[in-house]
Amino acid sequence: MPGRLIQDPEDLAAHLAHFGVKATAALIKKWEPLYNLAPNNDALCVRQRGNRREAVMLRWGLVPYWEKDSATAKKPINARSETADQLKTFREAFRKRRCIVAATGWYEWTPGKLRKQPHCIRPAHGLPLGFAGLYENWDSGVGVTIDSLTVLTCEPNTKMAQLHHRMGCILDPAHYDAWLDPKNEDVDALKDMLRPCPNEWLTHHTVSNIVSDQRNKGASCIKPGKIAARWA
DNA sequence: CCAGACGTTGTT
DNA sequence: GTCTGG
DNA sequence: CCAGACGTTGTT
DNA sequence: GTCTGG
């Protein structure tokens, strides 16, 4: 499952065009590649309200709309695709507030003796990866708002099963429009889109444990390598 | 009716 | 806000 | 997801 | 061991 994300498109405008949105000048200006995006950080997402589709930064970790205090609230970074349409925390968002995380990879960790071995997962053919997500517009009632999201999960495909027993739902690009359409309330059809993507879409390699410390934000996170033998 | 929970993953 | 449990 | 804290009283 | 913070 995605617990750390990568968003490092070579060309931001082309990356967003793949999801049917234009990169605003403001976004392009402040954009920096994210090699180690952790929970509670802002992730680059695409959403649609009415007929307007937009690229937006959403905080990873969904703050339920009824929470009084966002600081102490439980903020799930993942939601099971099998049940998200029914659970109180996600039901409304599943029907009306779906989004796509415009990613270029993520990390998984496999057990080691003393430290875990991180793996970097990338699209095999260079296309962006669109994780299916749900977002929420939290309002404190006293002027503070937070736009947050959670990533849906499903069974892994056989390639990812080597690394973990869950994976993020990566949408087929053919489903982007239907997934993002807020008027689409065909829950069965929506759930059908939340399946493990084909093995062929992904490739992965081990990386050093630099990435395990979320303060390390640089490109060295994705560099092939492994944890030192003494940790393995 | 009111009170209390509302989530996932991994690990044990 | 809404559902579940008691 | 991993890393890091996990506490109070009193004094500065 | 478990929770919080990032």
Side-chain angles (χ1 to χ4, degrees), chain A residues 1-7 32 34-43 57-97 101 103-122 129 131-141 145-146 148-156 160-170 187 194 196 204 206-218 220-222 225-228 231-232:
Chain A
M1 53 158 275
R4 297 285 178 89
L5 297 173
I6 306 169
Q7 300 187 308
E32 287 183 22
L34 302 169
Y35 295 101
N36 192 3
L37 196 158
N40 211 37
N41 294 166
D42 289 342
M57 301 301 290
L58 300 174
R59 193 176 301 179
W60 190 13
L62 185 143
V63 183
Y65 58 91
W66 67 81
E67 288 287 357
K68 297 286 180 287
D69 179 2
S70 67
T72 58
K74 302 287 187 195
K75 298 178 277 289
I77 62 171
N78 295 117
R80 296 177 62 86
S81 60
E82 297 89 338
T83 53
D85 62 307
Q86 299 152 35
L87 298 178
K88 292 186 281 295
T89 303
F90 305 122
R91 196 181 126 88
E92 279 296 303
F94 192 95
R95 292 184 143 262
K96 299 184 168 112
R97 288 180 296 276
V101 185
T104 52
W106 80 98
Y107 301 98
E108 297 284 358
W109 279 259
T110 53
K113 282 199 193 78
L114 247 47
R115 291 283 189 282
K116 293 179 177 180
Q117 172 63 61
H119 304 257
C120 173
I121 297 98
R122 292 290 229 171
L129 298 175
F131 283 108
L134 307 175
Y135 70 92
E136 201 59 79
N137 309 119
W138 180 82
D139 189 334
S140 67
T145 62
I146 298 175
S148 61
L149 89 139
T150 193
V151 176
L152 291 158
T153 65
C154 58
E155 293 290 305
M160 286 305 106
Q162 300 167 15
L163 303 181
H164 207 58
H165 69 101
R166 298 290 290 173
M167 72 180 284
C169 301
I170 294 167
V187 170
L194 305 175
H204 59 90
T206 58
V207 292
S208 84
N209 53 317
I210 285 174
V211 69
S212 294
D213 186 334
Q214 65 169 286
R215 290 170 297 187
N216 296 136
K217 295 297 194 186
S220 54
C221 290
I222 61 173
K226 49 183 157 179
I227 56 167
W231 305 126

**Q.** Partner set under ring pair (Phe, Tyr, Trp, His ring centres under 6.0 Å) for A/Y107, not counting sequence neighbours
**A.**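 Partners of A/Y107 by the ring pair (Phe, Tyr, Trp, His ring centres under 6.0 Å) criterion come out as none, since no residue qualifies.
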**Q.** Which residues share a ring pair (Phe, Tyr, Trp, His ring centres under 6.0 Å) with A/W106, sequence neighbours left out
**A.**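 Ring pair (Phe, Tyr, Trp, His ring centres under 6.0 Å) check on A/W106 returns A/F131.
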I'd like a list of close polar pairs between nucleotides 4-6 of chain E and the protein, N/O only, cut-off under 3.5 Å.
residue: E/dG6; atom: N2; partner: A/Q214; partner atom: NE2; Å: 2.8
residue: E/dG6; atom: N3; partner: A/Q214; partner atom: OE1; Å: 3.3
residue: E/dG6; atom: N3; partner: A/Q214; partner atom: NE2; Å: 2.1

Hey, does [X] reach any base, or is it just sugar-phosphate, or nothing, if we go heavy atoms under 4.0 Å?
{"X": "A/Y107", "value": "nothing"}
{"X": "A/R91", "value": "nothing"}
{"X": "A/K75", "value": "nothing"}

Between [X] and [Y], is there a donor-acceptor pair closer than 3.5 Å when you use the side chain of the first and the backbone of the second?
{"X": "A/K217", "Y": "A/N36", "answer": "yes"}
{"X": "A/T150", "Y": "A/N78", "answer": "yes"}
{"X": "A/N209", "Y": "A/I227", "answer": "no"}

Q.
List the residues meeting side chain to side chain donor-acceptor pair (under 3.5 Å) with A/Q162, not counting sequence neighbours, and say none if there are none.
A.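 A/Q162: no side chain to side chain donor-acceptor pair (under 3.5 Å) contacts found.
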Taking the [atom1] atom in each of [N] and [M], what is the distance between them to the nearest angstrom?
{"N": "B/dT11", "M": "D/dA3", "atom1": "P", "result": "13 Å"}
{"N": "C/dG1", "M": "B/dT9", "atom1": "P", "result": "29 Å"}
{"N": "E/dT2", "M": "B/dT12", "atom1": "C1'", "result": "13 Å"}
{"N": "B/dA5", "M": "D/dT8", "atom1": "C1'", "result": "32 Å"}

Q | Pairs flagged by salt bridge (Lys or Arg N to Asp or Glu O under 4.0 Å) wherever residues 104-119 of chain A is involved - sequence neighbours left out | A |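 Residue pairs passing salt bridge (Lys or Arg N to Asp or Glu O under 4.0 Å), neighbours aside: none found.
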Residue list, side-chain contact (heavy atoms from CB on, under 4.5 Å) with [X], at least two apart or on another chain:
{"X": "A/P64", "value": "A/L62, A/W66, A/E67, A/T89"}
{"X": "A/T110", "value": "A/Q117, A/H119, A/L163"}
{"X": "A/E92", "value": "A/Y65, A/K96, A/R97"}
{"X": "A/S220", "value": "A/I210"}

**Q.** Nucleotide-level pairing of DNA chain D, given in dot-bracket where Watson-Crick and G-U pairs need both distances under 3.5 Å and | marks other strands
**A.** ||||||......
Q.
If you apply the rule side chain to side chain donor-acceptor pair (under 3.5 Å), what do you find for A/S212 with A/W109, and how did you get there?
A. CA-CA 9 Å; A/S212 294; A/W109 279 259; 2.9 Å; yes
Q. For A/E32, does the CD atom have more than 12 heavy-atom neighbours from other residues, nucleotides or ligands under 6.0 Å away?
A.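 Open: at most 12 neighbouring heavy atoms sit under 6.0 Å from CD of A/E32.
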Q.
Among residues 78-86 of chain A, which ones have heavy-atom contacts with DNA chain B below 4.0 Å?
A.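 Contacting residues: A/N78, A/A79, A/R80, A/T83.
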(Q) Please encode protein proximity along nucleotides 1-6 of chain B as a string of B, S and -, counting only heavy-atom distances under 4.0 Å. (A) ----BB
